[in-house]
Structures are given as structure tokens and as C-alpha cells.
K.L.:
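Right, I'll just put the structure down here and ask away after.
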Amino acid sequence: MRELYAFAGRRRLGTFRQVGDWIDFVYAETAGPTPISLSLPRTGPAATPGAARAWLDNLLPAREDVRRRWARERGLPDTEPMTLLASYGDDLPGAVSLTADPDLPWRRAPQPVEAPLADIATRLAALRNQPTSWLDQRARPRFSLGGHHGKFALRRASGQWLWPTYEHPSTHILRPTTPEDASAVIADLDRSRSDAIPATRTELINFGAQTALVSERWDRLGGQRIHAETIRQALGRRPGEEVDPGGVRDLFLRLGLRLPPAGDLGRIAFLLAGDRAVVAPRR
């Protein structure tokens, strides 16, 4: 049996366990009342079948070639979500960090590694040329992001860009773009704001000769991780699986949230600890 421990700060939420192909999640006594996911309830109805695997799967890049590269660069035996997240799970979407080390919250915190502007430009250029090149292996960052587009996470603090760690969460997501694509994304987010749906703050920034779409993380507040999940995680759907608009509408009504325009249903993430839906840039 393989195990991954889920932490929110120093509070242990529970354990993901894998036997064969089956993955489940067991809550710890210290988990608190808020579930890790709506698809993995603490009490009441049973978890959605396959929800634990789907929840983990959505924390990772959707592209299999990116996952293979991540496994190869860390010498990992496979691209199973449990395997990858044991090596890349320190800084993830939402509030949860995942680790095979039950003592992670009490380790001696490593010094954050700076990402100089020239290195950021190099990383953006590498992503343009090789869409699987999400990570700078010199820094060996331990973060993961979902979606199809190549991107990476950094922390902005005291005027510096830093690679994130468990102790120092990322605050922004960067991906290479063109001015035309960035304008379309920003206009889409502005449209969502006009529909009274909060949208993550996003801007176009030049790093030397490289242009990036830089988004403040909607799942951070004051530089700290907050509890959140995507619609697919809440419904127990894996990346690429169809999301039923009716199921999304039911989910929003259950949470007491204002229904978004139909075209936004597949892109919206919402905060389980709060009362709002959030539109993020296309991923």
C-alpha cells in the first residue's frame, strides 16, 4: 500500500492510500469540519466513485508527455498521481500539500531559491520551444499545476521572484503568451467581472525579450494558501472527462452561489471555504 499525507499548514487532514489501481482518502481526527473536497465528504453520502484519484489527477498537468518528463527528471518509476505528487506536492492548487513524509510540517525549512528576471525569461523561452519544459531543474521546485498550457508558479515577496516551497507558497502563475492572446484572456476576465463573477487579477509583463501572462493566484490570500477546488474535483471528474452542465448548476445551487453564464461553466473554480465562484485564465 502506498500513502500520501495531506496537510493544510501543520494540520493533518488525512491520508490518500493506493492499493493496486484503487485510491481512497481517509480523514484524520485533526481534519476539521470542512471536507477536502465536495466529492470526498466527511459524513453523509459516500464518496463519488473514483473521486480520490480524480482529485489528485486534477492537481497535475493534463498532458501525459509533461508527466513523463516530470517522472524522468526525478527518476520516478511511473506517472501515477500518487508517485508524482510525492515528489511535486509541496505547493499545489488550493490549501493542501501532499507528501510521503509524515513529518513535513516540522522539517527544517529550506531557504527559498530566487528566480532572477533573466532566469524567468529563460524559463519562458524554454516553454515556447518545448511545451513540456515547465520546471527549472536547477532549482528542483516541488510544485504542481493542472491544465494543458505550459506554465510555472512563483512567489512574489519583497520585490523578488522566488521558487515556492511548502513553507513559502507561490503567489503567481506565469505562462508565455503573445500580446494578442493576453488581450483576449484579459478581455474574457473583464467580461466575467461585468457578469458579477470575481476574476483573478492578470496582467501582461515583459521579462527581457519574453512576454508572460502573470496571474495572481485566486487560491491564495495574503500570501497564504486557502481551501479551494475546481469544478472537476468537486464533481469527481478526471481531466478531460466531460462535465455535465446540469451537475454544475446543481453544485452551484447547493452552495448558494450565483449561476455563471453557460460558457464559463468549464473554467470556473470556487472557494469551498467562502461563498464565491472565481474565473481563472484559460489553462
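Note that the structure is a prediction, hence the values are computed from the model and not measured. Throughout, residue positions are numbered sequentially from 1 according to the sequence presented.
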K.L.:
Pick one: which of L124, L204, V185 meets side chain to side chain contact (heavy atoms under 4.5 Å, CB included) with T177?
P.N.:
L204
K.L.:
Would you say the side chain of W218 lies within less than 4.5 Å of the side chain of I226, judging by non-hydrogen atoms?
P.N.:
no
K.L.:
Does D65 pair with R68 as a salt bridge, N-O distance under 4.0 Å?
P.N.:
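A salt bridge is absent here (no side-chain N lies under 4.0 Å from a carboxylate O).
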K.L.:
Would you please say whether a donor-acceptor pair under 3.5 Å links the side chains of T83 and D78?
P.N.:
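Yes, D78 and T83 have a side-chain donor paired with an acceptor closer than 3.5 Å.
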K.L.:
Going by salt bridge (charged side-chain N to carboxylate O under 4.0 Å, His left out), name the pairs with one or both residues in residues 5-16, residues two or more places apart or in two chains.
P.N.:
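Residue pairs with at least one partner in residues 5-16: there are none.
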K.L.:
Given a cutoff of under 4.5 Å between side-chain heavy atoms of I, L, V, M, F, W and Y, with clusters grown through shared members, what are the other residues clustered with L104?
P.N.:
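Via sub-4.5 Å side-chain contacts, L104 links to Y5, F7, W106, Y166.
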K.L.:
Between the side chains of Q160 and R155, does any donor sit under 3.5 Å from an acceptor?
P.N.:
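Distance-only check fails for Q160 and R155.
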K.L.:
Report yes or no: is the cationic atom of R142 (NZ for Lys, CZ for Arg) under 6.0 Å from the centre of the six-membered ring of Y88, at an angle within 45° of the ring normal?
P.N.:
no
K.L.:
Under 4.0 Å between a Lys/Arg side-chain N and an Asp/Glu carboxylate O for E73 and R69?
P.N.:
yes
K.L.:
My understanding is that only residues two or more places apart in sequence, or in another chain, count here; which of them pass side chain to side chain contact (heavy atoms under 4.5 Å, CB included) with E167?
P.N.:
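By the side chain to side chain contact (heavy atoms under 4.5 Å, CB included) rule, E167 matches R107, A109, P110, T165.
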K.L.:
Looking at L4 and A100, what are the two nearest heavy atoms and their distance?
P.N.:
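L4 and A100 have their closest heavy atoms at CD2-N, 3.8 Å.
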K.L.:
Please list, chain by chain and in numerical order, all residues satisfying side chain to side chain contact (heavy atoms under 4.5 Å, CB included) with L127, sequence neighbours excluded.
P.N.:
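If we apply the side chain to side chain contact (heavy atoms under 4.5 Å, CB included) test to L127, skipping adjacent residues, the hits are W134, F152, P176.
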K.L.:
Which atom names give the shortest non-hydrogen contact between L189 and T200, and what distance separates them?
P.N.:
CD1-O, 3.7 Å
K.L.:
If you take all heavy atoms of R42 and A31, which pair is closest and at what distance?
P.N.:
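Taking R42 first and A31 second, the nearest heavy atoms are NH1-CB, 3.9 Å.
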K.L.:
Begin with the C-alpha distance, continue with both residues' side-chain angles, and end with the deciding distance and a verdict on side-chain hydrogen bond (donor to acceptor under 3.5 Å, both in side chains) for S170 and R217.
P.N.:
CA-CA 8 Å; S170 58; R217 297 198 65 143; 2.8 Å; yes
K.L.:
So, T211 versus N206: side-chain donor-acceptor pair below 3.5 Å or not?
P.N.:
yes
K.L.:
For R201, does the CZ atom sit with more than 12 other heavy atoms under 6.0 Å from it, leaving out its own atoms?
P.N.:
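No.
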K.L.:
Got L255 and L38 here, is their nearest side-chain heavy-atom distance under 4.5 Å?
P.N.:
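They are in contact (side-chain heavy atoms under 4.5 Å apart), so the answer is yes.
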K.L.:
Quick one, L98 and L56 - any side-chain contact, counting heavy atoms below 4.5 Å?
P.N.:
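Side chain of L98 against side chain of L56, heavy atoms only: contact under 4.5 Å found.
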K.L.:
Using a 4.5 Å cut-off between side-chain heavy atoms of Ile, Leu, Val, Met, Phe, Trp and Tyr, which other residues end up in the same hydrophobic cluster as L162?
P.N.:
none
K.L.:
For K151 versus I173, what's the shortest heavy-atom pair and its separation?
P.N.:
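Heavy atoms only, the tightest pair is CD-CG2, 3.8 Å.
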K.L.:
For this output row, return yes or no: ring centroids of W55 and F25 closer than 6.0 angstrom.
P.N.:
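No, the ring of W55 stays outside the 6.0 Å limit from the ring of F25, centre to centre.
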K.L.:
Answer yes if V214 and L117 sit in the same cluster of Ile, Leu, Val, Met, Phe, Trp and Tyr residues linked by side chain heavy atoms under 4.5 Å apart, and no otherwise.
P.N.:
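Yes: a chain of side-chain contacts under 4.5 Å links V214 to L117.
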K.L.:
Which heavy atom of A62 sits nearest a heavy atom of H148, and at what distance?
P.N.:
CB-CE1, 3.5 Å
K.L.:
Would S133 and R123 satisfy side-chain contact (heavy atoms from CB on, under 4.5 Å), going step by step from the backbone distance to the final call?
P.N.:
CA-CA 8 Å; S133 182; R123 175 70 13 231; 2.7 Å; yes
K.L.:
May I ask you to decide whether D57 forms a salt bridge with R232, counting only side-chain N to carboxylate O separations under 4.0 Å?
P.N.:
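Here D57 does not pair with R232 in a salt bridge, since their nearest N and O are not under 4.0 Å apart.
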K.L.:
Minimum heavy-atom separation for S97 to L92, with atom names?
P.N.:
CA-CD1, 4.2 Å
K.L.:
Using a strict threshold of under 4.0 Å (side-chain N to carboxylate O), is an ion pair present between D91 and R220?
P.N.:
yes
K.L.:
Can you confirm whether or not the ring centre of W163 sits under 6.0 Å from the ring centre of H168?
P.N.:
no
K.L.:
With side chains defined as the heavy atoms from C-beta onward, is the minimum distance between L76 and W70 less than 4.5 Å?
P.N.:
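Side-chain contact under 4.5 Å: no.
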K.L.:
Check whether any side-chain heavy atom of T122 lies under 4.5 Å from a side-chain heavy atom of F207, and answer yes or no.
P.N.:
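Side-chain contact under 4.5 Å: no.
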K.L.:
Regarding Q233 and S37, do their side chains bring together a donor and an acceptor under 3.5 Å, going by distance alone?
P.N.:
no
K.L.:
Taking R63 for the side chain and P61 for the main chain, is one N or O donor matched with an acceptor at less than 3.5 Å?
P.N.:
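No, the answer is negative, given that no donor and acceptor are paired below the 3.5 Å cut-off.
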K.L.:
Quick one: list whatever passes salt bridge (charged side-chain N to carboxylate O under 4.0 Å, His left out) with E3, sequence neighbours left out.
P.N.:
none
K.L.:
Can E64 and T79 be counted as having a side-chain donor-acceptor contact under 3.5 angstrom?
P.N.:
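Indeed, the side chains of E64 and T79 share at least one donor-acceptor pair under 3.5 Å.
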